[in-house]
Structure formats: structure tokens, C-alpha cells
2 protein chains.
Amino acid sequence: MQIGAAAEASGVSAKMIRHYESIGLIANGARRDNGYRDYDQRDVHELRFIRSARDLGFSLEEIRALLDLWRNKARSSRDVHSLAARHLHQIETKITELQAMAQTLRQLLQACHSDERPECPILDGLGGTAIRGVHC
Amino acid sequence: MQIGAAAEASGVSAKMIRHYESIGLIANGARRDNGYRDYDQRDVHELRFIRSARDLGFSLEEIRALLDLWRNKARSSRDVHSLAARHLHQIETKITELQAMAQTLRQLLQACHSDERPECPILDGLGGTAIRGVHC
DNA sequence: CAACACCTTCCCATCATTGGAAGGTCAAGT
DNA sequence: ACTTGACCTTCCAATGATGGGAAGGTGTTG
């Protein structure tokens, strides 16, 4: 299996597969005589693992830890749980921040009459002290 | 007013003020004889505008457009409204994505017994086909 | 005159990903 | 045999917003 097929099968682009290899996230795998990388089903499985974790917003460093746990038969599920819980918390924090931004924006948008006149509470809000305390 | 004082007064770091100037977001302002940048209240006002907009998640390119509207007395509030509404929509989309991630993570966390045993539905979920369709 | 707090420019790092250049390899069609 | 096209290789650079730090100039105070 060449890198293109592995990319297709895993949902990870060939570019990124090479990159993950270069940063040591995945092992320097086998090469054929012509220098082409060679992949099997296990490699694809690992790449799909990475892809799923990325889809869930895990950083590459978090994924590095997850992969260590995945490969380690003697792991404790508590370690995995802890890592995932920490990540969930980060996401929830981010959601809260974004919701605060959205709420402020909605208030500004509602105050704006949105016509051809230049008066604009949105710009006034940004320029004035009205938004003080948002600090995201 | 030197850059440090302007940074303090606006909440924008000196580093970023120089950067904003270098990318043309703010004008190349006055310099004193010694080469130091010199700021007045209007500059600080503008920097605070930028800071507020960043706090609301606007990108620097969006802020560039907002600043153009801010400076343009002949603007229409509709243009500002449209720009802000588009940005709000982006934020809401992002929130939805993060909520989907959080929901999936919560399900995985709930399925995980979190003890010293190696069996772990979280890793199984990431490795298997269980998360297919998340695709954020 | 020394110490210190400021300022200047310039380069580099982050994070995940993409794009492209320059070149090697291989199979199919003419 | 030769060309075309689809692969593959490595290396370099860009994205966006920000921070860190080096090397050096300026200015005030003790």
C-alpha cells in the first residue's frame, strides 16, 4: 500500500502522514526498494485513530499521549479517562468563551438599525467602553 | 506618549502595536527625534477599538474592514451590521462544532469505567469505526 | 559614570496544515 | 523506444496571532 492509498483509506492526507512521521508521531515505517513508503492495515488503523482524535479536537501532543496508551497493553483506563476529561474541559471552556462573544455580538447587532445611515452602535460599542469586561 | 504607555492604556501589547503597524492595520505614526514612536489619545482609542474587536473574535482582516468603516464618515451601518452578522455566524458554527465534539467525548467518557484495567471504550472508540461521521 | 528602564529592528517559535518546486519511478498508450 | 501522466520523494515556505529574545540605542536617576 502506497502513501496515497493509505491516505485515502485513513482520511489523513499524504502530506500529513509524512509530517506525522517527521515529528515522530508515527514510526518511520517500511520502505520499498524505490524508496516509497509502504503501509499495511495496522498502519491505516493507527492513522484512523489519529484522524478520529483530531476530529475530536485533540492536539498532536495529546494524541501522542493517547497513542502511547493505545499501544501500551498495561495501561489503565483511568489515564485515558483523565486525558479525555481534561480535553473535554478545555472544549467546554472554549464553548463558554465563544458563547459570551456571540451574546455580546447579538446585543450589538440588535441595537444596530442596519440601514444607509452612518450611525452605528456596533462601531460605537467597539470604540467606546461598552464592551469592557469581555476579555476573552 | 511612548509605545509602552499606549500599550498599557489600550490593552494591546507593544509587540502587537508594532506588528499592527508593520502589516498596515494602523498607520505609520509620528516619531520623535530619537526614533521612538509617539502616540496620542486618538491612537489609543483606535488601539482599544482593535482590542475590543479581537476580544470578540474578529480576525485582523475583518478588523481592517471594520476600521475602514469606522474611519469613513459616509459609511452605512448596514455594511457594519452585515460584517458583524457574518462573524457571529462563524462563531455560532464553531460553537456547534465544539458542542458535537463535547457530546461525543462525554459519551466516550461515560462508557469508560476509569480504573486500573486496560480495557477502554475511549481508545476503542477512537480506533474503531464508532466515531465515523463526526468529521469536524 | 554606572545602573536601569525604556526604546529600536530583526529573527525565530508556536500549531496544524497546505502549497509548490524540483526531481525520481512506474505503468500504459502511441 | 518514447512520451504522457500519475504516482512518489525531499525541502522550503506560507498561513494567523502572538510571544520570546538578541543586539544595540536612548534617557533619567543616583
Once you round it to whole Å, what is the distance between [atom2] of [N] and [atom1] of [X]?
{"X": "Ile17(A)", "N": "dT17(C)", "atom1": "CD1", "atom2": "C1'", "answer": "14 Å"}
{"X": "Arg18(A)", "N": "dA16(C)", "atom1": "CZ", "atom2": "C1'", "answer": "16 Å"}
{"X": "Met16(A)", "N": "dT18(C)", "atom1": "CE", "atom2": "P", "answer": "7 Å"}
{"X": "His19(B)", "N": "dC12(C)", "atom1": "NE2", "atom2": "C1'", "answer": "14 Å"}
{"X": "Lys15(B)", "N": "dC7(C)", "atom1": "NZ", "atom2": "P", "answer": "12 Å"}
{"X": "Ile23(A)", "N": "dA13(C)", "atom1": "CD1", "atom2": "C1'", "answer": "15 Å"}

Relative to the ring of Phe49(A), is the ring of Trp70(A) parallel (under 30°), tilted (30 to 60°) or perpendicular (over 60°)? parallel

Charged N to carboxylate O below 4.0 Å: is that the case for [X] and [Y]?
{"X": "Arg106(A)", "Y": "Glu92(B)", "result": "yes"}
{"X": "Glu46(A)", "Y": "Arg71(A)", "result": "yes"}
{"X": "Asp55(B)", "Y": "Arg51(B)", "result": "yes"}
{"X": "Glu119(B)", "Y": "Arg75(A)", "result": "no"}

Report, as yes or no, whether the 6.0 Å neighbourhood of atom CD on Gln103(B) holds more than 12 heavy atoms from other residues, nucleotides or ligands. yes

Is it the case that atom CD in Gln99(B) sees more than 12 heavy atoms from other parts of the structure closer than 6.0 Å? yes

Select base, sugar-phosphate, or nothing to describe what [X] touches, counting heavy atoms under 4.0 Å on all strands.
{"X": "Tyr20(B)", "result": "sugar-phosphate"}
{"X": "Arg32(A)", "result": "nothing"}
{"X": "Arg37(A)", "result": "sugar-phosphate"}
{"X": "Glu61(B)", "result": "nothing"}

What is the 5' to 3' range of DNA chain D, first to last nucleotide, that sits under 4.0 Å from any heavy atom of chain B?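 Taking any atom under 4.0 Å from a heavy atom of chain B, the span is dA17(D) to dG27(D).
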
Just list the side-chain donor-acceptor pairs under 3.5 Å for residues 11-24 of chain B, sequence neighbours left out, or say none.
residue: Ser13(B); atom: OG; partner: Met16(B); partner atom: N; Å: 3.1
residue: Glu21(B); atom: OE1; partner: Arg37(B); partner atom: NE; Å: 2.9
residue: Ser22(B); atom: OG; partner: His19(B); partner atom: O; Å: 2.8

Derivation of the salt bridge (charged side-chain N to carboxylate O under 4.0 Å, His left out) call for Arg78(A) and Asp115(B): CA-CA 5 Å; Arg78(A) 194 174 358 247; Asp115(B) 56 21; over 6 Å; no

What are the atom names and distances for every N/O pair under 3.5 Å that joins the protein to nucleotides 26-28 of chain C?
residue: dC26(C); atom: OP1; partner: Asn34(A); partner atom: ND2; Å: 3.4

How do Glu21(B) and Gln2(B) order along DNA chain C: which one's closest nucleotide is nearer the 5' end? Gln2(B)

Side-chain N,O (Ser59(A)) to OP1/OP2 (dC15(C)) below 4.0 Å: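 Indeed not, no polar side-chain atom of Ser59(A) lies that close.
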
